[in-house]
Number of protein chains: 2
Amino acid sequence: MLEELTIQQKIKYLQDTLYVISGKWKLLILMSMYGGTCRFRELQRSVEGITTRVLSKELKELEVNKLIERKIDNTYPVLITYQLTPYSFSLKPMVDEMITWGAQHRKELSKP
Amino acid sequence: MLEELTIQQKIKYLQDTLYVISGKWKLLILMSMYGGTCRFRELQRSVEGITTRVLSKELKELEVNKLIERKIDNTYPVLITYQLTPYSFSLKPMVDEMITWGAQHRKELSKP
DNA sequence: GATACCAGTTACTTAAAGGATACCAAAAAT
DNA sequence: ATTTTTGGTATCCTTTAAGTAACTGGTATC
């Protein structure tokens, strides 16, 4: 499948991907949610250093990209939760490769 | 190997990786070099829109990360070339996953 | 009645990334 | 002889990402 793509297409898809996951916080938020965290304040405490403003913005972007879902429970008072979508798990092979490369890269750089 | 890592370690490695490849130009430069481009002005023409200042900075960062090498040919006049290192090819599995995910993600977003 | 939790928003500021332009000295092409 | 090419560096400027802080409206607790 990759062989069929021109270099320009590859670049475009690569940039799409980077756009979705890059930035200081997106993957941290996803990781935290992967660990079970699902409420706004809870996420704010769990993702160290993030502010409400930024967290709010990031959550919206993740939602636009269908990686999370914002659910409003019509209990009293309303309960808002964020959940990873099944689709979000499609990131796993890529994220795993990124972790693997990063780990390996540390070793490479520390070589003489 | 990945299973042995704590979530904090995973995050750290992930961020290392993002740090190395993110930004507007790094992967474009690598792709262009993968296509055979190897001289400064040539790269500047090939990577549309990049300025000398930024290209210079990016090349230095890629070199620090051992992904490219700057070679000075002691011909007359000196000839400077940039070359992908063998190490740089270790990025391939990850980059391929990123391209694949990006391609698939376009489709996902265009769904109703 | 004051304080604190929840889920954010708004307006403003700072820091980092990137862009525009000019310039250098040597060599090559016109 | 003048222009162009080479591999950059030096300044200055703009854009974008992220941070600060105050505030909203509602609930719940002390």
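Model, not experiment: these values are computed from the prediction. Letters go in sequence order (proteins before strands), and every chain restarts at 1.
Residues B/Ser22 and A/Ser22 bring no donor and acceptor atom of their side chains to less than 3.5 Å of each other. Side-chain polar atoms of B/Tyr19 and B/Glu61 form no donor-acceptor pair below 3.5 angstrom.
With A/Thr100 contributing its side chain and A/Asp96 its backbone, the two residues share a donor-acceptor pair below 3.5 Å.
Using a 4.0 Å cutoff on non-hydrogen atoms, the parts of residues 54-74 of chain B near DNA chain D are B/Ser56, B/Lys60, B/Arg70, ordered by number.
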> How does protein contact run along nucleotides 20-30 of chain C, one letter per nucleotide 5' to 3', with B for base contact, S for sugar-phosphate only, - for none, heavy atoms under 4.0 Å?
Replying inline: B-B----SS--
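Between A/Tyr82 and A/Phe40, the angle of the ring planes lies from 30° to 60°, which puts this pair in the tilted group.
You can see that DNA chain D meets the heavy atoms of chain B within a 4.0 Å-exclusive cut from D/dT6 to D/dT11, reading 5' to 3'.
Between atom NZ of residue A/Lys71 and atom CG of residue A/Leu79 there is a gap of 12.0 Å, rounded to the nearest 0.5 Å. Rounded to the nearest 0.5 angstrom, A/Leu59 CG and A/Ile50 CD1 are separated by 7.5 Å. A distance of 10.0 Å separates CG in B/Leu28 from CD1 in A/Ile7, rounded to the nearest 0.5 Å.
A salt bridge does not link B/Glu42 to B/Arg45: none of the charged nitrogens lies less than 4.0 Å from a carboxylate oxygen. Salt-bridge formation is not detected for the pair B/Glu63/B/Arg70: no Lys NZ or Arg NE/NH1/NH2 atom is positioned less than 4.0 Å from an Asp or Glu carboxylate oxygen.
A/Tyr87 OH: more than 12 foreign heavy atoms inside a 6.0 Å radius.
Look at D/dC30: its Watson-Crick or wobble partner, with both distances under 3.5 angstrom, is C/dG1.
The distance from atom CZ of A/Arg39 to atom P of C/dC5 is 13 Å, rounded to the nearest whole Å.
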